[in-house]
Peer 1: 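Right, I'll just put the structure down here and ask away after.
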Amino acid sequence: MDVVVGGLFSLGVFLVIFVPVAQRLLGVRFGVVRMVLAAAITLSLFSPIANALVGKPPYTGSNGVAIAFLVLTTLFSMLAGLVFLVLAEALCRPGRCLGPAICAGM
């Protein structure tokens, strides 16, 4: 139960940071469902990207390199969320889908 609460809390905090940044960078307002999906994708990709760049824990390098890897991992995972938002906007614009049931709330 604590993991679920912690995951929802981190998703909420990340949404507070990710939503204004994404809307400012892309110049488009997004729906709540798309933003939650993009934040979930970004958070779920953070750990695999970090493991691919650095390797499995524990990390034995210097602090400066660790901070650089952290920044690089954050940027890559945010880029994945932004790519999702761009593709979702291009493929299924609000009001222009095949039907309201497909893109309801998006």
Side-chain angles (χ1 to χ4, degrees):
M1 184 67 176
D2 291 337
V3 173
V4 174
V5 172
L8 289 175
F9 178 74
S10 65
L11 183 64
V13 169
F14 190 75
L15 276 173
V16 169
I17 297 168
F18 184 71
V19 170
V21 170
Q23 288 179 350
R24 190 78 136 152
L25 283 173
L26 299 175
V28 179
R29 287 204 158 283
F30 297 105
V32 175
V33 174
R34 283 186 187 175
M35 292 308 296
V36 168
L37 286 174
I41 288 170
T42 302
L43 286 175
S44 66
L45 287 178
F46 186 85
S47 181
I49 291 173
N51 287 337
L53 285 174
V54 179
K56 296 288 182 189
Y59 177 69
T60 57
S62 67
N63 289 341
V65 174
I67 291 172
F69 278 137
L70 180 65
V71 169
L72 194 60
T73 303
T74 303
L75 291 175
F76 280 156
S77 62
M78 285 192 71
L79 181 64
L82 290 175
V83 167
F84 167 77
L85 287 173
V86 168
L87 289 177
E89 187 69 22
L91 295 176
C92 187
R93 293 189 57 86
R96 295 187 181 192
C97 290
L98 298 175
I102 295 174
C103 292
M106 291 183 121

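All heavy atoms count here, side chains included; hydrogens, waters and symmetry mates do not. No experiment lies behind these values; they were computed from the predicted model shown.
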Peer 1: When clusters are formed by joining ILVMFWY residues with side-chain heavy atoms under 4.5 Å apart, either directly or through shared neighbours, do Leu37 and Val21 land in the same one?
Peer 2: yes

Peer 1: Calculate, to the nearest 0.5 Å, the distance between atoms CG and CD1 belonging to Leu72 and Ile67 respectively.
Peer 2: 13.5 Å

Peer 1: Any heavy-atom pair between the side chains of Val28 and Glu89 that's under 4.5 Å?
Peer 2: yes

Peer 1: To the nearest 0.5 Å, what is the distance between CZ on Phe76 and CD1 on Ile49?
Peer 2: 7.5 Å

Peer 1: Do Phe46 and Leu70 have side chains that approach each other closer than 4.5 Å (heavy atoms only, starting at C-beta)?
Peer 2: yes

Peer 1: Same cluster for Val86 and Leu25 if Ile/Leu/Val/Met/Phe/Trp/Tyr side chains link at under 4.5 Å?
Peer 2: yes

Peer 1: How would you list, by chain and number, every residue that makes a side-chain contact (heavy atoms from CB on, under 4.5 Å) with Leu85, sequence neighbours excluded?
Peer 2: Phe18, Ala22, Leu26, Phe30, Arg34, Met35, Ala38, Leu82

Peer 1: Go through the structure and list residues passing side-chain contact (heavy atoms from CB on, under 4.5 Å) with Phe69, not counting sequence neighbours.
Peer 2: Leu53, Val54, Tyr59, Val65

Peer 1: What are the two closest non-hydrogen atoms of Leu45 and Ala80, and how far apart are they?
Peer 2: CD1-CB, 3.5 Å

Peer 1: Measuring from atom CE of Met78 to atom CG of Leu43, what distance do you get when rounded to the nearest 0.5 angstrom?
Peer 2: 10.0 Å

